[in-house]
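See below for the structure under consideration.
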Number of protein chains: 2
Amino acid sequence: MEESSSRSGENLLFLTDEQLRKGIEAMFFAYRGFTADPDRILATMAYGRAHHRAMHFISHTPGTTVNNLLSILGVTKQSLNRVLRTLIEDGLVESKVGARDRRERHLFLTPEGVSLEQRLSDAQRKRMRAAYRKAGPEAVAGFRTVLESMMDTNLLQHYHDERSVRQ
Amino acid sequence: MEESSSRSGENLLFLTDEQLRKGIEAMFFAYRGFTADPDRILATMAYGRAHHRAMHFISHTPGTTVNNLLSILGVTKQSLNRVLRTLIEDGLVESKVGARDRRERHLFLTPEGVSLEQRLSDAQRKRMRAAYRKAGPEAVAGFRTVLESMMDTNLLQHYHDERSVRQ
DNA sequence: CTTGGAAAGTCAACAAGACTGACATATAAT
DNA sequence: ATTATATGTCAGTCTTGTTGACTTTCCAAG
């Protein structure tokens, strides 16, 4: 409730409860817009947002293992497995037994998987590009800065680990 | 980062597919962090994110009707009703028959509801405040600008309508 | 070499929370 | 009186999360 704390020289207007509340609502509405387009496409098939997320990260890091994907997505392996199973059955994802460790499964998108993933992320990129263009490069830099501070760094550890090892 | 600004007059580096992909992933990870704290609290009771959202907007716009809430939240009435019913049963939300139009129900938080809502949004504000403070006022301005461009303005129509009428 | 634990992945059953569709009730508007 | 609106409810489905139990595989200690 310390609204007028801008007496100490710095302008801290952006830290008032009202500003924070607006930021919270902006996150809610923006995230809904952010997922709306791919969701519309996915609704026409038997897939959901979870399938999109899995395909996104497989596309980005081909050959990733189920365990890596679990850490990145932050769900249980049983939950991911259901999604993965349908994607594999439908020929969008391929699962290859690991050469080094035969317990591991390395995941890749098939050409059909690449095609759907592109269709989905094109829709998402289109909206993101429009927002970026409208806001301008400086706003985009600020956007990224705040988002990065908002992430739960603990949950992200695996993501960075995995990429540095694998690339 | 911004190596080659303005070669054709404008710097469009921030619109490359790779930058957009990073923005998309940042949204995903940040939103997860954004909801993590209230989710942890909610998990200890019989409530979920849907209850939090309902209480947030009732708190912000006391006396709002069920229909207004439906438009803002973008869910079906059956879905909202399930949430609302439990909140009313548990004494967190009060539903008053409209004076002007007795078909309408006006929604308010009870003292208990206010208490829980505060506990939840305090957790969320805390993280948002930390992110804002770390990023600084200019980044925050950019953050808000991009988020506002990313919202689906069609879906938000009701929100603004309702607030201008009601305040 | 064997054996026992740990790790990776799969299967089954269940719950939350979204959805649709049909229907009921009360009230308002025409 | 009839029609439209606001809300609430029942039944059934879907996605996506959960826990628990299981198999296969690897590895390391005896």
Side-chain angles (χ1 to χ4, degrees), chain A residues 28 31-32 35-36 38-56 58 63-90 93-107 120 155 158 162, chain B residues 28 31-32 35-36 38-40 42-55 58 63-89 93-107 155 158 162:
Chain A
F28 169 65
Y31 195 77
R32 195 168 60 183
T35 56
D39 281 357
R40 258 190 294 276
I41 298 173
L42 289 159
T44 68
M45 16 193 133
Y47 298 134
R49 212 175 282 176
H51 299 82
H52 182 195
R53 288 198 286 258
M55 294 206 302
H56 174 99
I58 294 172
T64 190
T65 64
V66 174
N67 235 359
N68 281 326
L69 212 46
L70 285 177
S71 309
I72 293 167
L73 296 177
V75 296
T76 60
K77 58 182 177 177
Q78 297 84 339
S79 190
L80 176 59
N81 190 255
R82 184 176 346 95
V83 166
L84 238 33
R85 187 171 26 184
T86 67
L87 288 174
I88 291 169
E89 279 170 7
D90 297 353
V93 166
E94 199 182 0
S95 163
K96 290 183 182 169
V97 173
R100 216 182 36 202
D101 186 336
R102 291 169 44 81
R103 291 173 302 182
E104 292 181 338
R105 300 295 130 89
H106 297 276
L107 302 169
L120 294 171
L155 295 177
H158 306 284
E162 189 248 350
Chain B
F28 168 65
Y31 195 76
R32 193 168 62 184
T35 56
D39 281 358
R40 257 190 295 275
L42 289 158
T44 68
M45 16 193 134
Y47 299 133
R49 209 175 287 176
H51 300 81
H52 182 197
R53 287 197 288 256
M55 295 208 300
I58 294 173
T64 190
T65 64
V66 174
N67 239 354
N68 280 327
L69 209 49
L70 284 177
S71 307
I72 293 167
L73 296 175
V75 297
T76 61
K77 62 176 177 178
Q78 295 88 335
S79 194
L80 176 58
N81 191 255
R82 184 178 348 98
V83 166
L84 237 35
R85 190 171 20 182
T86 67
L87 289 175
I88 291 170
E89 279 170 6
V93 167
E94 198 183 358
S95 163
K96 290 182 180 169
V97 173
R100 217 180 37 202
D101 185 336
R102 292 168 45 80
R103 290 172 302 181
E104 292 182 339
R105 299 296 130 87
H106 297 277
L107 302 169
L155 295 178
H158 307 283
E162 189 249 348

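Lettering of chains follows the sequences in order, A, B, ..., and the numbering in each one begins at 1.
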B:Asn67 side chain N/O closer than 4.0 Å to the phosphate oxygens (OP1, OP2) of D:dT7?
yes

C:dG17 phosphate, OP1 or OP2: any side-chain N/O from B:Ser79 under 4.0 angstrom?
no

Distance test, side-chain N/O of B:Arg53 to OP1/OP2 of C:dA18, below 4.0 Å
yes

On DNA chain D, compare the nucleotides closest to A:Leu80 and A:Met45; which residue's is nearer the 5' end?
A:Met45

Rounded to whole Å, CZ of A:Arg105 lies from C1' of D:dT23 at a distance of 11 Å

Do A:Arg103 and D:dT24 have a side chain to base donor-acceptor pair shorter than 3.5 Å?
no

Please determine, by modelled atom types, if A:His106 and A:Ser95 share a side-chain donor-acceptor pair under 3.5 angstrom.
no

Nearest-angstrom distance from the residue atom CZ of B:Arg102 to P of D:dA4
23 Å

Expected output: side-chain A:Ser79 to main-chain A:Thr76 donor-acceptor under 3.5 Å
no

Is there a donor-acceptor pair under 3.5 Å between the side chain of A:Arg40 and the backbone N or O of A:Thr35?
no

Does B:Asp101 or A:Arg82 map to a spot on DNA chain C nearer the 5' end, using the closest nucleotide for each?
A:Arg82

Starting at CG of B:Leu69 and ending at C1' of C:dA18, how long is that distance when rounded to a whole Å?
16 Å

So B:Gly74, base contact, sugar-phosphate only, or nothing? Heavy-atom distance under 4.0 Å.
sugar-phosphate

With the side chain defined as heavy atoms from C-beta on, A:Arg85 is closest, among C:dA8, D:dG17, C:dC11, to C:dC11

Expressed as a whole number of angstroms, how long is the span from A:Leu73:CG to D:dG17:P?
8 Å

Does a side-chain N or O from A:Thr76 land closer than 4.0 Å to OP1 or OP2 of D:dG17, or not?
no

Measure the distance from CG on B:Asp39 to P on C:dG17 and round it to the nearest whole Å.
10 Å

5' priority, DNA chain D, between A:Val83 and A:Gly98 [closest heavy atom]
A:Val83

A:Glu104 has a side chain; which of C:dT10, C:dA8, D:dT7 sits nearest to it?
C:dA8

Could you tell me whether the phosphate oxygens of C:dA16, OP1 or OP2, come under 4.0 Å of any side-chain nitrogen or oxygen in B:His51?
no

Any idea which heavy atoms bring B:Arg32 and A:Gly74 closest together, and the distance?
NH1-N, 3.6 Å

Heavy atoms, side chains only, cut-off 4.5 Å: are A:Leu69 and A:Ile58 in contact?
yes

From the candidates D:dT9, D:dC26, D:dT19, the one with an atom nearest any side-chain atom of B:Asn81 is D:dT9

Could you give the CD-to-P distance, from A:Glu89 to C:dT10, as a whole number of Å?
11 Å

Of all the choices, D:dG8, C:dA22, C:dA7, which nucleotide is nearest to the side chain of B:Gln78 once you look at every atom?
C:dA22

Atom-pair distance (NZ on B:Lys77; P on C:dT25), nearest Å
14 Å

Length of the line joining B:Arg40:CZ and D:dG17:P, which is rounded to integer Å
17 Å

Do A:Asn68 and A:Thr65 meet the criterion of a side-chain donor-acceptor pair at a distance under 3.5 Å?
yes

